[in-house]
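To find a chain, count down the sequence lines: A is the first, B the second, and so on, and within it residues start at 1. Computed over heavy atoms, backbone and side chain alike; hydrogens, waters and symmetry mates excluded.
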4 protein chains.
Amino acid sequence: MSVPDPARRNERSRRAILEATRALLTETGYADLTIGAIAARAGVGKQTIYRWWNGKGAVVLDAMVEAAENAGRELPDTGDLRTDLLLVMRATVAEFADPALSETTRAITVETLLDEELAAQVRDRLLRPQLDAVKKRLRTARLRPGLDLDQVVELLFGPLYHRWMLRTGPLTDDYADGLVDLAIAAVTPAWPQP
Amino acid sequence: MSVPDPARRNERSRRAILEATRALLTETGYADLTIGAIAARAGVGKQTIYRWWNGKGAVVLDAMVEAAENAGRELPDTGDLRTDLLLVMRATVAEFADPALSETTRAITVETLLDEELAAQVRDRLLRPQLDAVKKRLRTARLRPGLDLDQVVELLFGPLYHRWMLRTGPLTDDYADGLVDLAIAAVTPAWPQP
Amino acid sequence: MSVPDPARRNERSRRAILEATRALLTETGYADLTIGAIAARAGVGKQTIYRWWNGKGAVVLDAMVEAAENAGRELPDTGDLRTDLLLVMRATVAEFADPALSETTRAITVETLLDEELAAQVRDRLLRPQLDAVKKRLRTARLRPGLDLDQVVELLFGPLYHRWMLRTGPLTDDYADGLVDLAIAAVTPAWPQP
Amino acid sequence: MSVPDPARRNERSRRAILEATRALLTETGYADLTIGAIAARAGVGKQTIYRWWNGKGAVVLDAMVEAAENAGRELPDTGDLRTDLLLVMRATVAEFADPALSETTRAITVETLLDEELAAQVRDRLLRPQLDAVKKRLRTARLRPGLDLDQVVELLFGPLYHRWMLRTGPLTDDYADGLVDLAIAAVTPAWPQP
DNA sequence: GGATAATCGAGACGGTACGTCACGTCTTGCT
DNA sequence: AGCAAGACGTGACGTACCGTCTCGATTATCC
């Protein structure tokens, strides 16, 4: 019916809800994460959650976005592309290896599969910033001409994501290194100038 | 308590259940897919489903595996790697573009995220055969030495899967072609023999 | 905490609240009568209601008392008891037959069943004046000695009220007449003076 | 949508629910009576209640009807009308004086005010049998001709009910006796035969 | 007439109960 | 025995109101 007034929103409650969401996510996992449990843990009425979010997925998304925003997303530029890519790829592997983070990411991924609008939110607010940071770094590198940089970024993260999702194999630093080498081979000018 | 006797299993019911599962997945989507709905649609008691499957995920998996088995998985070998890869990649893009297939795949993906054991089943029965077919084709090609072929396969499918899951961009034949070119550039010997 | 100052009370709001209460009672019935709805309809904050009333029942009571005060309660005294009682009983039947009034009376009756203190208020402010008016009229009549006049009044209204509450039969003028005749038979001296 | 099959109803659950309802009604009163509490107390799912009853009122009604059916409703016929009426009226006063019974009766009365269909049920299954028993006794008595016996019954119970509902005075045996005397005076032939 | 304090409209808040939904198990005939 | 049908205990869902609270805006007395 009527839309709530964000100006009157209780910041304390908002924070408590996101904090409780993160806590429950790591403690009991996504399966045991219910709106009721979040509300109880945050000392908040369920309606306060439903007032500001569309459902569990939206809450979890906000919880993750807030967490991600506290971490920097900028890539270093050492001048050597391989070094920089190794850094970010190994960091991503580490994130996937962290059980808590991995569980949370799985959680939100489930939601994106069920809710298209949420998927757009996740893509734009959570994923895009990270991918764009890599894309930005690629722009300063000397690559084969005519490349679609979005595609190159996906060449790096796609296989990682694929292996994590489908658990087709171990996610190690070596695996990340191998991906970087393959990607660099794919984008390096065929006849490097002297 | 007691384990059911597979010999007495009603093949008619089994087929009706899997058929109903596929129908509901494409008709109403994964959201409306419940064991009760499948049973009603199949004209079957719920217990008959629970007797033979562990839950929704297992049923959906079987439904998909059965469908996949009807399609061949063998890759052609024209002698030209690029041609063969283009074929399989474009076919995959087409599958993802088919709303019915896409919805079904999303369904089973949700389940793999929630159930580790099911994930293994999906990986081994549904995914591995397809990936192995590509891997087999790669073995007959002349590539840079020392490559991890599993990784190369993921270099091809990972970005596709990534883009499909996260909807970061359109899934077109051009995109598939670009991926094939990048992958081939990545695996081709640096100094091709004359 | 602190007690509100009645001197500063907004008469406009008070009237709007009682008016809205009456309107909602007749329009949508008691089921849809909530403090929130009253406040919205009256263009008033909920707190303004809670500041001056204990709850729904108290508001409804005031709404009815105010309405009742506008109607006179005095019984005529034509000298003939039967004539006068017929008048008041038929009037009561008419009130019960009016859907709006009937609904409102049901509403407040519910509240008296749930809240003993409110019941006392209703009894003293709403009911007693009407019953006392009849009692007063009875005092001027020549009756059998030793009668409990309160009981006689209840002999008249009790059956009416019973039939209205339990819907055990139609509430007609004839029914009222019959009651009056029975009651008069019950209270008339056995050996009437010539 | 579909209507449940009464043949498959679980008698154990039915009994547990009605028993729990009676227990909660006397223990904590009607205010604290919730469907959830009944279900918990009965060791039953809420849905099992909603499957067979329309709501709280219907459950309470059944609980009371069941209790009432265990008590006999037949009036004695000593040959002396006054004696028999005194018995039943004093018994009714006693019921109203019992806090548990009184509370339960208030409960179901609230519901009848809110739900017309339920009111009919209460009238026909709970009230009518009792009133009809009295009516039957009246038929064997020598009364003034032309009386509406339903009205006479209401002349007895109406005032009692009125006083109980509105708490306009104490409900004592003396009060019951007075009512009986008034009613008998109202219905006795004016010129008794010798 | 300006200061100041309470009331006001509005509606967010922490709660409780609601009535519905799907789960996975159990029960009842039927085949 | 397996089966169709569906009732069952369980527990989360999302909604509706409750009565309290917080917020500026608006009175209405008191200095």
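- At least one test fails for Arg8(B) against the ring of Trp52(B): distance under 6.0 Å to the centre or angle within 45° of the axis.
- Nucleic acid contact class of Gly43(C) (heavy atoms, under 4.0 Å, all strands): sugar-phosphate only.
- At least one side-chain nitrogen or oxygen of Ser13(A) sits closer than 4.0 Å to the OP1 or OP2 atom of dG14(E).
- Taking atom CD1 on Ile38(C) and atom C1' on dG19(F), their separation rounds to 14 Å, with Å as the unit.
- For the pair Arg41(B) CZ and dA5(F) P, the computed distance is 15 Å after rounding to whole Å.
- We find that CG of Leu114(B) is positioned 14 Å from C1' of dC23(E), with the value rounded to whole Å.
- Taking the side chain as every heavy atom from C-beta outward, Thr109(C) and Met165(C) approach each other to under 4.5 Å.
- The pair Glu103(B)-Arg106(B) fails the salt-bridge criterion, with no side-chain N (NZ, NE, NH1 or NH2) lying under 4.0 Å from an Asp/Glu carboxylate O.
- Proximity of Trp52(D) to the phosphate of dC8(F): a side-chain N or O atom is located under 4.0 Å from OP1 or OP2.
- Contacts of Arg9(B) with the nucleic acid, taken as non-hydrogen atoms under 4.0 Å apart, involve only primed sugar atoms and P, OP1 or OP2.
- Contacts of residues 17-24 of chain B with DNA chain F (heavy atom under 4.0 Å): none.
- For the pair Glu116(D) and Arg167(C), the salt-bridge criterion is met [side-chain N within less than 4.0 Å of a carboxylate O].
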Test Arg14(A) against Leu18(A) for side chain to side chain contact (heavy atoms under 4.5 Å, CB included), laying out the working first.
CA-CA 6 Å; Arg14(A) 198 194 120 267; Leu18(A) 297 183; 3.9 Å; yes
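- Taking atom CH2 of residue Trp53(A) and atom P of nucleotide dT15(F), one finds them 16 Å apart after rounding to whole Å.
- Nearer the 5' end of DNA chain F, as judged by each residue's closest nucleotide, is the contact made by Val44(B), out of Thr48(D) and Val44(B).
- If you find the closest nucleotide of DNA chain F to Asn10(D) and to Ala37(C), the one lying nearer the 5' end belongs to Asn10(D).
- Residue Asp124(C) places its CG atom among more than 12 non-hydrogen atoms of other residues, nucleotides or ligands, all under 6.0 Å distant.
- Here Arg51(C) reaches the OP1 or OP2 of dC8(E): one of its side-chain N or O atoms lies under 4.0 Å away.
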Give every donor-acceptor pair under 3.5 Å between a side-chain atom in residues 33-51 of chain D and any protein atom, sequence neighbours left out.
unit_1: Thr34(D); atom_1: OG1; unit_2: Ala37(D); atom_2: N; d: 3.0
unit_1: Arg41(D); atom_1: NH1; unit_2: Glu27(D); atom_2: OE1; d: 3.4
unit_1: Arg41(D); atom_1: NH2; unit_2: Glu27(D); atom_2: OE2; d: 2.6

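- Put simply, CD1 on Ile35(B) is 15 Å from C1' on dC21(E), counting in whole angstrom units.
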Which protein N or O atoms sit under 3.5 Å from an N or O of nucleotides 25-29 of chain E?
unit_1: dC26(E); atom_1: N4; unit_2: Gln47(B); atom_2: NE2; d: 2.3
unit_1: dT27(E); atom_1: O2; unit_2: Arg8(D); atom_2: NH2; d: 3.1

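- Atom CZ of Arg9(D) sits in a crowded spot, with more than 12 heavy atoms from other residues, nucleotides or ligands closer than 6.0 Å.
- The two residues Leu61(C) and Gln121(C) have their closest heavy-atom pair at CD2-CB, 3.4 Å.
- With dC8(F), dA12(F), dC3(F) as the choices, the nucleotide that has an atom nearest any side-chain atom of Thr34(A) turns out to be dA12(F).
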